[in-house]
A.B. asks: 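The following block contains the structure, expressed as structure tokens.
A quick note: this is a predicted structure, and the numbers were derived from the prediction, not measured.
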Amino acid sequence: MLYYLFRYLHDHFHLPGTGVFQYTTFRAGLAVVISLLIAQTFGHRLIRLLQKKQVGESIRDLGLQGQNEKKGTPTMGGLIIILAILVPVILLARLRNIYIILMILSTVWLGLIGFLDDYIKVFRKNKEGLSGRFKVLGQVGLGITVGWVLFYSNEITVREYLLPNGQYSAIEATKFFKDVHLMITTVPFMKNNELNYGDLFATAGSLFNGLYGLLYIPIVIFLITAVSNGANITDGLDGLAAGTSAIIGITLAIFAFVSGNALLADYLDVMFIPDSGELVIFCTAFVGACIGFLWYNSYPAQVFMGDTGSLALGGIIAVLALIVRKELLIPILCGVFLIENLSVMVQVGYFKYTRKKYGEGRRLLRMSPLHHHYQKLGYHESKIVSRFWIVGILLAVITLVTLKLR
């Protein structure tokens, strides 16, 4: 809203200083500051309210060090993150931008699913929370919505550079180009690194022309569900999910800035996505919200984010990656989430296999997810979190290196 207000003041009254709101970098920096302030101010009040309402976390006895000390710690702190994201975005971003609309929708959608789960656990005293199939149904619903918009909306475009004779080229990018609706993505570590999803159906013949949405939308559903659940599983130690998400958010902000800037995209030879630069404001608000939440969530945590926060964080990351056409980098960028997910799948699969074969279930890890395995080995919680952050930073650097390493 402030963007439109200051634009009106600049265009009609030419007030000094109002033009600065036209710059994405200024609004992105302001978004970080506002999100941090909201997390600090609102966070403290919400924690006191949750304590007053006795909205505490019920802890299962898993035999982990320091586990009993967490009993009664307020949960549903994800409300802090969601508010600290939405307020600066609504104030500073161009709300008519299709990508901003998608991000606000994704944040609210998954935040509501997580809130329902936490509400049932806390107020209805049901430790199971929202049924797993309803969670998945909600994630699938968001995946269908996002996939449909990305696939069919004519506002979703990429820029193709042309020479006067019609040959495709990045030469004289500012003079010869056209914005087209194409479902293409970036393939990492390859020279000619653009993949058209339609080509995957090309070998099937003309029967499937125009129907590759049948492939693309399920990919979107899978990614949103997988990353959202990965963040949810990772949220098991103080500061782990929030810190890891902040690292990923910074990386996606860089991708959004490069993809939305014609000169940088041309220089780095990456896909230019018109209007995607506005996502930088959302990304910086996201990072600010995660860091602001860490003030209260770092060890020893004063509040837990609950599913309200963790489901939203993962879904936001997945949708951002899809919009900037970097979804094939998710296994690297979200490697911490991936390994946490895999550790649970491998542990459960191996247990079932050995029980069927030997009559008793055996375990590869002392406990899953992976962070609990290290707790069982005797590592302190803060050391595990710090090392996971280091791994996350390393994976983020590798992801950014793909801009030039082909």
A.B. asks: Give a yes or no on whether the backbone of Ile247 and the side-chain of Trp389 come within a donor-acceptor separation of less than 3.5 Å.
C.D. replies: no
A.B. asks: Could you check whether any side-chain N or O of Ser343 sits under 3.5 Å from a backbone N or O of Leu370, counting only pairs where one atom can act as donor and the other as acceptor?
C.D. replies: yes
A.B. asks: Any donor and acceptor pair, going by atom type alone, linking the side chain of Asn341 with main-chain N or O of Ala226 inside 3.5 Å?
C.D. replies: yes
A.B. asks: Could you check whether any side-chain N or O of Glu278 sits under 3.5 Å from a backbone N or O of Arg94, counting only pairs where one atom can act as donor and the other as acceptor?
C.D. replies: yes
A.B. asks: Using every non-hydrogen atom in the two residues, find where Ile281 and Ala28 come nearest and quote the distance to one decimal.
C.D. replies: CG1-N, 4.0 Å
A.B. asks: Determine whether Phe337 and Ser245 make a side-chain contact, defined as any pair of heavy atoms from C-beta on separated by less than 4.5 Å.
C.D. replies: yes
A.B. asks: For Arg366 and Gln347, work out which heavy atoms get closest and say how close.
C.D. replies: C-NE2, 4.4 Å
A.B. asks: When you measure from the side chain of Asn229 to the backbone N and O of Thr225, does any donor-acceptor pair fall under 3.5 Å?
C.D. replies: yes
A.B. asks: With sequence neighbours left out, write down each residue that passes side chain to side chain contact (heavy atoms under 4.5 Å, CB included) with Val149, or none if nothing qualifies.
C.D. replies: Ile98, Leu102, Ser153
A.B. asks: Just by distance, do the side chain of Thr354 and the backbone of Arg362 share a donor-acceptor pair under 3.5 Å?
C.D. replies: yes
A.B. asks: Rounded to the nearest 0.5 Å, how far does CZ of Phe304 lie from OG of Ser310?
C.D. replies: 12.5 Å
A.B. asks: Do side-chain atoms of Asp238 reach the backbone of Pro300 as a donor and acceptor pair under 3.5 angstrom?
C.D. replies: no
A.B. asks: Using the rule given for side-chain contact (heavy atoms from CB on, under 4.5 Å), can you reason through Leu130 versus Tyr119, listing the C-alpha separation, both sets of side-chain angles and the distance that settles it, and then say yes or no?
C.D. replies: CA-CA 9 Å; Leu130 188 65; Tyr119 181 85; over 6 Å; no
A.B. asks: Measuring only between side-chain heavy atoms, which start at C-beta, is Leu116 closer than 4.5 Å to Phe134?
C.D. replies: no
A.B. asks: Check whether any side-chain heavy atom of Leu313 sits under 4.5 Å from a side-chain heavy atom of Ile81, and report yes or no.
C.D. replies: yes
A.B. asks: When you measure from the side chain of Asp179 to the backbone of Thr157, do you find a donor-acceptor pair of N or O atoms at a distance under 3.5 Å?
C.D. replies: no
A.B. asks: Taking the side chain as every heavy atom from C-beta outward, state whether Tyr296 and Ile47 have any pair of such atoms under 4.5 Å apart.
C.D. replies: yes
A.B. asks: Can you measure from CG (Leu240) to OG1 (Thr234) and round to the nearest 0.5 angstrom?
C.D. replies: 6.0 Å
A.B. asks: First locate atom CG of Leu365, then atom CE of Met367, and finally report the distance between them rounded to the nearest 0.5 Å.
C.D. replies: 10.5 Å
A.B. asks: Using 30° and 60° as the class boundaries, would you call the ring planes of Phe286 and Phe282 parallel, tilted or perpendicular?
C.D. replies: parallel
A.B. asks: Taking atom CZ as the centre, does Phe222 end up with more than 12 heavy-atom neighbours from other residues, nucleotides or ligands that are less than 6.0 angstrom away?
C.D. replies: no
A.B. asks: List, one per line, each side-chain donor-acceptor pair under 3.5 Å for residues 323-335, sequence neighbours excluded.
C.D. replies:
residue	atom	partner	partner atom	Å
Arg325	NH1	Leu182	O	3.0
Arg325	NH1	Ile184	O	2.9
Lys326	NZ	Val324	O	3.2
Glu327	OE1	Thr185	OG1	3.1
Glu327	OE2	Thr185	OG1	3.1
Glu327	OE2	Tyr197	OH	2.4

A.B. asks: Looking at Tyr267, I want to see if its OH is surrounded by more than 12 non-hydrogen atoms of other residues, nucleotides or ligands under 6.0 Å.
C.D. replies: no
A.B. asks: Determine whether the aromatic ring centres of Tyr299 and His380 lie less than 6.0 Å apart.
C.D. replies: yes
A.B. asks: To the nearest 0.5 angstrom, please state how far the CD1 atom of Ile250 sits from the SG atom of Cys290.
C.D. replies: 9.5 Å
A.B. asks: If we ignore hydrogens and angles and just use 3.5 Å, is the side chain of Ser228 paired with the main-chain N or O of Leu311 as donor and acceptor?
C.D. replies: yes
A.B. asks: If you round to the nearest 0.5 Å, how far is CG of Leu237 from OH of Tyr379?
C.D. replies: 14.0 Å
A.B. asks: Should His181 and Tyr152 count as side-chain neighbours, where that means a heavy-atom distance under 4.5 Å?
C.D. replies: no
A.B. asks: If you draw a 6.0 Å radius around CZ in Phe257, do more than 12 non-hydrogen atoms from other residues or ligands fall strictly inside?
C.D. replies: no
A.B. asks: Under 4.5 Å between any side-chain heavy atoms of Arg27 and Thr24, yes or no?
C.D. replies: yes
A.B. asks: State, without any angle test, whether Asn232 and Asp307 hold a side-chain donor-acceptor pair at a distance under 3.5 Å.
C.D. replies: yes
A.B. asks: Ignoring hydrogens, what is the shortest heavy-atom contact between Ala265 and Phe272? Give both atom names and the distance.
C.D. replies: CB-CB, 3.9 Å
A.B. asks: I need the Met76 CE to Met305 CE distance, nearest 0.5 Å.
C.D. replies: 14.0 Å
A.B. asks: Are any non-hydrogen side-chain atoms of Ile113 and Asp117 less than 4.5 angstrom apart?
C.D. replies: no
A.B. asks: Would you say the side-chain atoms of Ser259 pair up with the backbone N or O of Ala256, donor to acceptor, closer than 3.5 Å?
C.D. replies: no
A.B. asks: Between Gly314 and Val227, which heavy-atom pair has the shortest distance, and what is it?
C.D. replies: O-CG1, 3.2 Å
A.B. asks: For a 4.5 angstrom cut-off between non-hydrogen side-chain atoms, does Leu252 reach Leu279?
C.D. replies: no
